Amino acid sequence: MLVELRADERAVVNLGGIRKDVSIELVPEAQVGDYVIVHVGHAIGMIDPEEAERTLALFGEMAEAAAAAGAAA
Amino acid sequence: MKYIDEFRDGDVARKIGERLRTEADPARQYSFMEFCGGHTHAISRYGVRELLPPNVRMIHGPGCPVCVLPIGRVDMAIKLALERGAIVCTYGDTMRVPASDNLSLTRAKARGGDIRMVYSATDALTVARDNPGREVVFFAIGFETTTPPTALAILRAQREGLANFSVLCCHVLTPSAITHILESPEVRRYGTVPIDGFVGPAHVSIVIGSGPYEHFAEEYRKPVVIAGFEPLDVMQAILMLVRQVNEGRAHVENEFSRAVDRDGNLGAQQKVSEVFELRPTFEWRGLGEVPYSALKIRPAFAQFDAERRFGLGYTPVADNKACECGAILRGVKQPTDCKIFGTVCTPENPVGSCMVSSEGACAAHYAYGRFKDIPVKVSA
């Protein structure tokens with residue numbers, strides 16, 4: 001998660017407690033609070049929280065469907 | 001960590017596995033290639049293979065940047081350090097790739113070469129700024145994920161007028177490698193490598209988007225599902241591939257929609273095309289010469305191109321005969337088919353490139369799977 005914007009298109013990200021200085025030149029729109037994907041010291045993309053929830057919900061449906069199938073069998 | 005832990009939930013993984021067993025048709029075989037080394041690593045590390053039904057098989061692809069780097073390219077970097085006195089900066093994994101004369105960048109460093117491991121292309125720029133009297137070369141490797149940072153480094157060097165910095169560019173392209181595999185005789189003619197679909201790359205797709213894969217789906221009738229690097233992402237993508245095959249569909253679907261859209265990172269693509277152009281051909285370890293599969297630095301940035309600057313030529317070098325990396329990278333063989341796997345060739349002392357990086361098929365199997373090959377005997 002991006003925790004601090006710095007000069008020269010750089011930012012500090014917090015990776016599970018580890019703070020790291022990365023470049024945000026490739027995602028100049030990134031703001032504090034955004035989740036960025038970091039590759040070789042550069043943020044290359046951002047996580048869309050709504051899409052992440054949607055994917056997790058898909059897994060959830062899967063789990064229910066599997067449970068239902070298991071109960072039917 | 002948010003957006004990581006919830007994508008590693010073992011109970012959910014087992015449930016997706018149950019779903020897969022319900023939906024996979026027992027009368028048929030499914031073979032899917034995970035192109036990307038990050039997926040190879042996830043499949044081995046999290047035991048994804050054990051959760052799949054026996055008729056769903058995963059084939060490792062060539063998407064491990066270090067694995068596909070041919071010996072001749074590493075030789076060029078070693079030559080720059082040992083014969084031309086340059087400081088060579090490179091990513092950690094590249095250091096141990098076996099080269100000619102029993103050398104690697106690590107061993108060349110032991111012989112006195114000034115070779116430095118960097119985390120980022122930006123760090124190589126810092127080395128150049130700190131050593132104005134020396135030539136500093138960034139040995140740049142990788143797919144579409146590491147290319148934009150290299151482009152930024154060159155653009156910055158130009159802005160700063162950094163006269164002692166150059167790049168040995170070995171950046172390669174994912175779509176052309178996929179085309180090459182689909183056109184290979186093993187897939188097209190002999191059918192020895194049956195591929196029913198692809199798990200598409202995660203980080204590469206963040207940069208290039210899902211659009212470039214549409215061609216494979218349409219032209220070759222192969223479904224592609226782009227997946228994140230976590231185990232649930234991979235499981236879900238495999239389920240989506242099974243469904244496409246069952247329904248006779250061949251589309252590009254995106255499981256990794258939390259980070260990938262159709263267009264990708266347009267800003268990053270613009271930087272890349274500003275600095276790089278296509279190479280007519282490039283040698284890949286395992287795949288041989290692949291047309292239009294790599295990038296070189298545009299003439300406008302010639303002073304930052306180490307190949308031009310030092311007049312370097314490329315000499316192809318054959319791999320060690322005992323090593324099966326080539327066949328493994330084409331999906332023809334598995335690590336355990338190699339006679340020297342785990343005996344002569346280990347992560348501590350790799351003979352082939354697939355044993356070097358944690359994303360390599362051999363290193364992944366060595367780290368997470370090799371004891372499963374040995375039958376357990378219980379004696380009374």
Side-chain angles (χ1 to χ4, degrees), chain A residues 1-3 6-30 32-73, chain B residues 1-7 9 11-23 91 118-123 140 142 144-146 148-153 155-156 202-207 228-230 232-233 235-236 239-240 254-261 264-265 267-269 271:
Chain A
M1 186 171 77
L2 205 155
V3 291
R6 287 189 171 170
D8 207 16
E9 297 190 275
R10 300 198 67 84
V12 178
V13 292
N14 184 330
L15 303 159
I18 297 166
R19 287 166 64 88
K20 201 156 178 41
D21 175 73
V22 301
S23 161
I24 53 164
E25 258 183 288
L26 298 169
V27 281
E29 69 276 25
V32 169
D34 283 341
Y35 284 82
V36 291
I37 293 176
V38 177
H39 200 90
V40 293
H42 290 257
I44 56 169
M46 295 205 286
I47 298 269
D48 178 336
E50 283 175 22
E51 285 293 339
E53 287 311 319
R54 214 166 289 160
T55 304
L56 285 170
L58 197 67
F59 296 156
E61 278 168 28
M62 198 71 54
E64 279 166 27
Chain B
M1 236 188 306
K2 193 166 164 70
Y3 297 125
I4 295 196
D5 296 336
E6 53 279 50
F7 290 90
D9 186 319
D11 290 332
V12 179
R14 275 182 286 277
K15 280 168 184 156
I16 301 176
E18 279 172 37
R19 196 78 225 141
L20 262 166
R21 271 189 295 279
T22 315
E23 296 195 21
Y91 295 127
V118 291
Y119 170 61
S120 166
T122 319
D123 299 342
E144 290 86 342
T145 46
T146 51
T150 305
L152 291 179
L155 289 167
R156 187 164 286 245
H203 288 180
V204 163
S205 307
I206 294 174
V207 177
F229 278 143
E230 300 305 330
L232 293 190
D233 291 320
M235 294 288 296
Q236 175 71 17
L239 178 63
M240 289 162 79
N254 183 8
E255 186 279 336
F256 197 33
S257 56
R258 62 189 184 277
V260 172
D261 60 19
N265 185 332
Q269 292 169 26
K271 301 277 185 212

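Numbered from 1 within each chain, the chains take letters A, B, ... in sequence-line order. Keep in mind the model is a prediction, meaning the values are calculated, not measured.
Interface check for chain A: of the options B:Pro149, B:Gly267, B:Ala268, B:Ser120, the most heavy-atom pairs under 4.5 Å are formed by B:Pro149. The most heavy-atom pairs under 4.5 Å with chain A, out of B:Leu152, B:Thr146, B:Ile206, come from B:Leu152.
With a threshold of 4.5 angstrom between heavy atoms, B:Leu232 approaches chain A through its backbone and through its side chain. When heavy atoms are compared at a cutoff of 4.5 Å, B:Tyr3 approaches chain A solely by way of its side chain, counted from C-beta outward. With a 4.5 Å cut-off on non-hydrogen atoms, B:Asp233 touches chain A through its backbone and its side chain both.
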request  = With side-chain contact (heavy atoms from CB on, under 4.5 Å) as the test, would you mind laying out the steps for B:Thr145 and A:Val40 before giving the verdict?
outcome  = CA-CA 9 Å; B:Thr145 46; A:Val40 293; over 6 Å; no
request  = Dump the intermediate steps for side-chain contact (heavy atoms from CB on, under 4.5 Å) on B:Arg156 and A:Asp8, then the final yes or no.
outcome  = CA-CA 11 Å; B:Arg156 187 164 286 245; A:Asp8 207 16; 3.1 Å; yes
query = Can B:Thr122 and A:His42 be said to form a side-chain contact (heavy atoms from CB on, under 4.5 Å), step by step?
reply = CA-CA 9 Å; B:Thr122 319; A:His42 290 257; 3.3 Å; yes
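Side-chain atoms of B:Asn265 never come within 3.5 Å of backbone atoms of A:Val27 as a donor-acceptor pair (strictly under, hydrogens ignored).
Applying side-chain contact (heavy atoms from CB on, under 4.5 Å) to A:Tyr35 and the options B:Arg258, B:Lys2, B:Met1 leaves one that passes, B:Lys2.
To the nearest 0.5 angstrom, B:Gln236 atom CD is 4.5 Å from A:Leu58 atom CG. For the atom pair B:Arg19 CZ and A:Phe59 CZ, the distance stands at 15.0 Å (nearest 0.5 Å). The structure places CZ of B:Phe229 at 9.5 Å from CD1 of A:Ile37, a figure rounded to the nearest 0.5 Å.
A salt bridge does not link A:Glu25 with B:Lys271: none of the charged nitrogens is closer than 4.0 Å to a carboxylate oxygen.
Close approach to chain B, defined as a heavy atom under 4.5 Å from one of its heavy atoms, is seen in A:Gly45, A:Met46, A:Ile47, A:Asp48, A:Pro49, A:Glu51, A:Ala52, A:Thr55 of residues 45-55 of chain A, taken by number.
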